[in-house]
Protein chains: 2
Amino acid sequence: MVPPMSETATVADARPYHHGDLRRALIDAARRILENEGPGALSLRAVAREAKVSPAAPYHHFKDKGELLEAVAHEGWDALGDAMGAGLETAATERDRMSAIGVAYVEFARDNPALYRVMYDRSRDKDELPEQMQMDNDGAYCMVRDALRAKNPGSNDMDVELATIAAWCAAHGLAEMLSFKQFEPLKAELGGEEAFMRAVLEHLGMFAKVASPGT
Amino acid sequence: MVPPMSETATVADARPYHHGDLRRALIDAARRILENEGPGALSLRAVAREAKVSPAAPYHHFKDKGELLEAVAHEGWDALGDAMGAGLETAATERDRMSAIGVAYVEFARDNPALYRVMYDRSRDKDELPEQMQMDNDGAYCMVRDALRAKNPGSNDMDVELATIAAWCAAHGLAEMLSFKQFEPLKAELGGEEAFMRAVLEHLGMFAKVASPGT
DNA sequence: CAGCTATCTAAACGGTGTCAAGATGATCTT
DNA sequence: AAGATCATCTTGACACCGTTTAGATAGCTG
């Protein structure tokens with residue numbers, strides 16, 4: 001990807017110092033370790049090793065290990081938002097939007113389990129969702145809310161907000177449990193993981209109307 | 001609790017060896033650390049310290065740190081099952097059962113956040129729910145399934161199974177996000193955390209009928 | 001060129017999980 | 001009762017971890 005980096009460094013890149021862009025390289029190294037060896041192998045020293053620098057080098061770009069994980073998680077949320085957006089595009093009708101987003105969400109978690117775990121571990125440590133998911137900051141959260149509003153015109157704002165949160169909780173819960181062994185017979189019976197996923201999401205009310213019948 | 005343990009040890013307890021029952025003491029020490037200092041402080045050495053024993057002592061009772069956490073998690077699942085059972089008892093009618101169980105579940109997670117985290121971390125590492133939650137082994141899972149079946153007589157088995165899983169995912173998702181800062185304004189508007197919790201659970205379809213309208 | 005500052009390395013500190021070897025004490029056999 | 005046995009616990013070590021300090025290095029500014 002990057003040329004061997006040597007000689008007189010005539011390349012016009014932003015290559016301010018010795019390494020080039022170590023911050024970028026460290027984040028990439030972390031994601032590589034995450035994919036190949038899982039979250040348990042993600043030590044700061046291992047990241048430094050992967051990036052071929054000393055164990056102390058990262059401290060010039062991140063306050064501590066947490067800040068590096070924060071950066072990794074941040075890119076993860078970006079990617080998740082992109083995946084949800086791409087899913088949204090596949091929806092044929094307005095009514096399919098919620099389903100499409102939900103499937104995209106859970107599939108992202110299934111395909112990037114280690115990254116997804118880092119993302120939520122960080123969130124739980126800080127007790128808050130990242131900026132991309134905040135209510136006022138038009139990101140993925142608003143994508144879901146808009147899809148719900150489009151599907152249920154005339155519902156009051158509070159109900160839409162609650163339904164959005166509920167959908168998020170539901171998708172997260174399913175995302176964390178989808179790979180549990182207990183469900184394998186059920187998956188087989190339904191004809192595959194995708195079918196199982198859609199069936200559970202359906203029961204979760206993600207595709208239902210906003211107005212709750214109970215109250 | 002236990003007398004200073006000394007003298008001639010005339011007590012008739014099962015006190016097979018030097019310490020008494022170190023396995024028990026280690027699990028208790030771990031839970032104490034978990035409550036007082038959070039999951040980040042739960043090192044095997046800290047547990048040994050808390051139990052006033054050398055760092056290597058636990059290895060005579062647990063294969064490794066994971067096995068100790070496993071034991072802690074196991075007791076956590078027992079406690080969660082008890083809490084759900086207790087919640088179930090408070091339900092006035094059959095139709096209230098799902099609501100009562102769901103509230104009990106989320107409240108348990110809120111009141112024992114560190115323990116709940118250890119429980120699910122272990123589960124995700126092994127990619128399976130513990131025995132208490134398995135489909136054939138009449139535990140908490142069956143409690144939920146029975147409540148759903150009672151509420152929706154005549155629904156087919158597959159639908160009940162899927163609805164049970166969906167409810168579980170929903171409760172777990174909410175349990176992990178309940179304390180996120182983003183929701184505080186909403187909680188205030190609804191008049192407290194409990195109200196917020198019930199409102200989200202309601203939108204999650206936990207109280208809805210099993211039969212899905214979509215298909 | 002000199003000086004400065006950002007960047008990186010080397011070395012060290014206390015903490016961790018884990019293991020091997022030895023001490024200790026309860027139990028069992030004779 | 002004496003000795004042998006075995007589970008239990010301690011000591012000490014190893015490699016790894018996150019983090020800090022001090023010093024080397026290289027690019028930029030004057």
Side-chain angles (χ1 to χ4, degrees), chain A residues 2 4-30 33-34 37-72 118 121-122 125, chain B residues 2 5-30 33-34 37-73 118 121-122 125:
Chain A
V2 182
M5 148 181 20
S6 56
E7 333 272 312
T8 45
T10 52
V11 272
D13 295 350
R15 177 178 292 195
Y17 299 112
H18 311 166
H19 179 284
D21 187 353
L22 185 52
R23 183 188 156 88
R24 183 67 265 141
L26 288 169
I27 296 176
D28 290 342
I33 291 174
L34 226 36
E37 308 175 57
L42 191 65
S43 72
L44 195 51
R45 290 178 108 105
V47 172
R49 228 152 29 219
E50 172 81 19
K52 297 191 205 291
V53 293
S54 82
Y59 287 87
H60 292 268
H61 301 272
F62 303 98
K63 186 173 111 295
D64 55 15
K65 184 185 181 182
E67 207 169 276
L68 168 58
L69 293 187
E70 182 72 35
V72 172
V118 168
D121 280 351
R122 284 301 296 169
D125 283 344
Chain B
V2 181
M5 151 180 17
S6 55
E7 335 269 313
T8 45
T10 52
V11 272
D13 294 352
R15 176 178 293 195
Y17 300 112
H18 309 166
H19 179 284
D21 187 354
L22 184 53
R23 185 188 155 88
R24 184 67 265 142
L26 288 169
I27 297 175
D28 290 343
I33 291 173
L34 224 38
E37 308 174 55
L42 191 64
S43 73
L44 195 53
R45 290 178 107 104
V47 172
R49 233 155 22 225
E50 172 81 19
K52 297 193 204 293
V53 90
S54 86
Y59 285 89
H60 293 268
H61 301 271
F62 303 98
K63 186 172 114 293
D64 56 15
K65 183 185 181 183
E67 208 169 274
L68 169 58
L69 294 186
E70 182 72 35
V72 172
V118 168
D121 279 351
R122 284 302 296 170
D125 282 344

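Just so we're on the same page: letters track the sequence lines, and every chain starts at 1. All values below were derived from every heavy atom in this structure, side-chain atoms included, with hydrogens, water molecules and symmetry-related copies excluded.
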| Between A/Ile27 and A/Phe62, which heavy-atom pair has the shortest distance, and what is it? | CG1-CZ, 4.0 Å
| request: Kindly point out which of D/dT10, D/dT19, C/dT18 is positioned nearest to the side chain of A/Lys65? | output: D/dT19
| request: Quickly work out the B/Leu22 CG to C/dG25 P distance and round it to whole Å. | output: 16 Å
| said: Output the rounded distance in Å from CG (B/Leu68) to C1' (C/dT16). | reply: 15 Å
| field | Under 4.0 angstrom between B/His61 side-chain N/O and D/dC9 OP1 or OP2 | value | yes
| message | Can you work out whether A/Ala57 or B/Leu44 has the more 5'-proximal nearest nucleotide on DNA chain C? | response | A/Ala57
| To the nearest 0.5 Å, how far apart are CG in A/Asp28 and CG in A/Leu34? | 12.0 Å
| note | Whole-Å distance, B/Lys63 NZ to C/dG17 P, equals 14 Å
| note | Between B/His61 and B/Glu67 the two heavy atoms that sit nearest each other are O-OE2, 4.3 Å
| task | Grab the CZ-P distance between A/Arg23 and C/dA6 for me, whole Å please. | result | 17 Å
| said: Using whole Å, what does the distance between atom P of nucleotide C/dA10 and atom NE2 of A/His60 come to? | reply: 13 Å
| query | Rounded to the nearest 0.5 Å, how far does CG of A/Asp125 lie from CZ of A/Arg122? | reply | 6.0 Å
| message | Side-chain N or O of B/Arg49 versus OP1/OP2 of C/dT16: is the shortest distance under 4.0 Å? | response | yes
| query | Counting only distance, no hydrogens or angles, is the base of C/dG17 paired donor-acceptor with the side chain of B/Arg45 under 3.5 Å? | reply | yes
| query | Atom CD of A/Glu37 to atom P of D/dC16: distance rounded to whole Å? | reply | 13 Å
| Distance, rounded to the nearest Å, where B/Tyr59 contributes OH and C/dG17 contributes P | 7 Å
| request: Identify the two heavy atoms, one from B/Val47 and one from B/Ala29, that lie closest to each other, and give their separation to 0.1 Å. | output: O-CB, 3.9 Å
| said: Rounded to whole Å, how long is the line connecting atom CG of A/Leu26 with atom P of C/dT7? | reply: 12 Å
| said: For C/dT16 and B/Ser43 - does any side-chain N or O of the residue sit under 4.0 Å from the phosphate oxygens OP1/OP2? | reply: yes
